[in-house]
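Here is the structure we will look at.
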Amino acid sequence: VLSIAAATAGLLVVVAGVAADPTEELQRNFAGSVQLDYMAVPTEEIAREEALDGATVELSLKLVMDFGEHVSSNVKVCVACHGLEVGMAFFDLRVADELSFRVGRFTPAFGEFPLRHDPANHRTSDKPLPYDMGRMLRISDWNMSVLPAPWVDNGLEVNGTHFFGDHVQVDYAAYVIGGPRAAADALDFDYKESRTPESYYVDNNSRPVGGAHLAWTLLTDDVTFQLGASAMTGTYDDENELSFFLGGAQAILRVDDLVLRAEYLARRTEMSLGEDPASRFRYGPGKGGDFDPYFLKEGFYTEAELPAGRFDFVLRWDGMRRRGNVAQSSELRSDSAVLRYTAGTAFLLRESLRLKLSGELYDFSDFEDEVVVHLGIAGPF
Amino acid sequence: MKMPPSSPSVALALLALGLLGTLWACWLPGAPATLFADETQVPPALRAPCALAQHKCSRCHSIDRVLVAQVTRPRQWETYVSRMRRMSSSGISETDGDQIVRCLVYRSFGVDQWPKSREEEPRDRIWTTPSTPTSVTVPALP
């Protein structure tokens, strides 16, 4: 009863705050982007077993409708390796800059990279390893990244921004979403289940996942410096028994046109031990005789981006580490890591069309090192 | 690092092709993406707002997004910039937003007094054909 009353009161406040002004106008805006990328793995005869290599197209089409100052809606559809996806379908109900409600299907606020996940908004063809969604090598062995971006989910987010004078901006967001999914006896998230129509686009365990994001930005004429932190926690299995906690931190420095970025993500995930852990896991119990049901997956990236004329140059160092027990069939060990070194450039061909070229060196702890080359073309429209 | 003898050829050829293409592209006509190809076209009073727009609007995305934005009326830039300003860590204060709108309205419509002329703008709905300014010179795209 209390929660219903609170929800009703909150809804009334929002409705009162965003009530339509008949003098306000409707405005719509259409935007999109497309990227064609070819990923080659020179160190493999046939790389398909290790990666989704070859050519991929990423297309996004977005329609924004502004119903005056207080209400807007966004719908965005994407086509990529996994077919047609609805990346956005939400309303923003804005009471003030400091208080806005987002309801629908969206990417919850977490870290910095998801803000510019669109291929036309970043200079390399692929994403930093902690946010990778399908282009990393050994994708199956690692079961993707820490938090594949864009993470899209259904839910409610409260967010806002406030300027303290002209030089300090603080942003916050708190949300509840359906959350990641997996079967009852899972060892990790099942990303396919998160977006397969067969499981329906609904929460798999009737328990929302909660999260929050806070960022502080210092602004001067030439320098922008930002610090931020994010967290997300809840359960992910069908039986609502396996928990996870995901935390992240970000630091961004922009001096004139030079941008330096660094982010760190860590996810502690509970695994189902099953009825016979000894046969399920590669490593035995700890000193106390019990199996540790948790593993820790960390990821980071540091990146420097510098435009020079029609070129943008990018240097990136990123990596991931996984610590904890693994399934008998896994090729990872109890402590596995991958580091990646990337050098790339994006060249402005015409108006908004860019040619992207990058080379990557993968340094695996459990596999032989590999080289990857990306050649792509991307742009907004 | 393993290097199978035959497989690298295609990828290396691709890389070489990409490098050659990039080098060839260096001699293509054109300039870096900027709001104005020739800044002398910009009235002196708008140069600072336009420099601000160029800097702020390339924080989360390239300035190309602004160049290709489909804005049909000055007031639409207000809404557009307002939405961007509220994005997390946008770095765009209300004062900045006003300056950016001034620049973008000038770039798109040649109106350099925005928002003073707001009341003069026809208030047609979006579903009708938007009115286009008739007596302004629209700066050339870069």
Side-chain angles (χ1 to χ4, degrees), chain A residues 25-31 38 40-46 64 66 69 72 94 97 100 109 112 115-116 118 120-121 159 161 163 166 169 171 173 213 215 217 219 224 226 228 252 254 257 307 309-310 312 345 347-352 354-355 357 359 368-371 373 375 379-381, chain B residues 1-4 6-15 17-19 21-22 25-26 28 30-33 52 55-56 58-65 67-73 75-76 78-80 82-83 85-96 123-127 141-142:
Chain A
E25 296 175 73
L26 302 177
Q27 293 180 12
R28 69 177 168 180
N29 182 264
F30 175 78
Y38 192 88
V41 187
T43 44
E44 285 292 335
E45 192 81 43
I46 297 176
V64 181
D66 288 297
E69 272 290 294
S72 64
R94 196 173 304 114
D97 285 1
S100 184
E112 196 267 351
L115 283 173
R116 51 188 182 90
D118 189 297
N121 290 352
N159 60 52
T161 184
F163 273 83
D166 289 332
Q169 182 182 14
D171 305 279
H213 174 71
T217 308
L219 302 151
T224 303
Q226 180 194 109
I252 317 292
R254 182 179 181 185
D257 291 328
R310 289 193 294 173
D312 288 279
T345 185
F347 177 79
L348 183 69
L349 291 169
R350 311 291 302 182
E351 275 91 20
S352 63
R354 287 173 197 274
L355 183 74
L357 177 67
E368 291 192 73
D369 298 346
E370 305 266 15
V371 171
V373 176
L375 179 61
F381 55 83
Chain B
M1 182 191 304
K2 58 183 173 183
M3 268 286 188
S6 59
S7 64
S9 54
V10 173
L12 290 176
L14 189 71
L15 175 61
L17 193 65
L19 284 171
T22 305
C26 293
L28 282 175
L52 186 74
H55 182 69
K56 298 280 185 179
S58 57
R59 188 196 173 289
C60 304
H61 54 72
S62 63
I63 202 71
D64 317 348
R65 285 278 188 192
L67 303 182
V68 300
Q70 298 171 34
V71 174
T72 54
R73 295 162 52 212
R75 194 164 188 180
Q76 204 171 346
E78 281 188 7
T79 314
Y80 204 125
S82 200
R83 184 155 27 84
R85 184 173 63 76
R86 295 188 187 99
M87 298 284 282
S88 176
S89 306
S90 67
I92 303 174
S93 65
E94 280 197 61
T95 311
D96 291 341
R123 296 175 61 80
D124 51 342
R125 308 289 288 190
I126 59 159
W127 302 114
L141 288 172

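So that the names make sense, note that chain A is the first sequence line, chain B the second, and so on, each numbered from 1.
Annotation for B/Gly91 and A/Gln169: closest pair N-OE1, 2.7 Å, computed over non-hydrogen atoms. In terms of heavy atoms, B/Ser62 sits closest to A/Ala120 at OG-O, 4.2 Å. Nearest approach of A/Asp166 to B/Ser93, heavy atoms of both residues: OD1-OG, 4.4 Å.
Ranked by heavy-atom pairs shorter than 4.5 Å toward chain B, the options A/Ala173, A/Gly379, A/Ala215, A/Ser352 are led by A/Ser352. The candidate from B/Gln70, B/Arg85, B/Arg65 with the greatest count of non-hydrogen atom pairs under 4.5 Å with chain A is B/Arg65.
In terms of the salt bridge (charged side-chain N to carboxylate O under 4.0 Å, His left out) criterion, residue partners of A/Arg116 (sequence neighbours excluded) are, by chain and number, A/Glu112, A/Glu303. Listed by chain and number, the residues in a salt bridge (charged side-chain N to carboxylate O under 4.0 Å, His left out) with A/Asp312 are A/Arg123, A/Arg354 (sequence neighbours excluded).
To the nearest 0.5 Å, the span separating CE on B/Met87 from OG1 on A/Thr161 amounts to 11.0 Å. In this structure, OG on B/Ser90 lies 8.0 Å from CG on A/Leu219, to the nearest 0.5 angstrom. Distance CZ/A/Phe163 to CD1/B/Ile92: 7.5 Å, rounded to 0.5 Å. For the atom pair CZ of B/Arg59 and CG of A/Asn121, the computed distance is 12.0 Å after rounding to the nearest 0.5 Å. In this structure, CG on A/Leu115 lies 6.0 Å from SG on B/Cys60, to the nearest 0.5 angstrom. Taking OG1 of B/Thr79 as the start and CG of A/Asn29 as the end, the distance is 10.0 Å to the nearest 0.5 Å.
Between B/Arg83 and A/Gln27 the shortest side-chain heavy-atom distance does not fall below 4.5 Å. Contact check for B/Glu78 versus A/Asp66: no side-chain heavy atoms found under the 4.5 Å cut-off.
Contacts between B/Ser88 and chain A at a heavy-atom distance below 4.5 Å involve backbone atoms as well as side-chain atoms.
Neither side chain, B/Arg86 nor A/Asn159, offers a donor N or O lying under 3.5 Å from an acceptor on the other.
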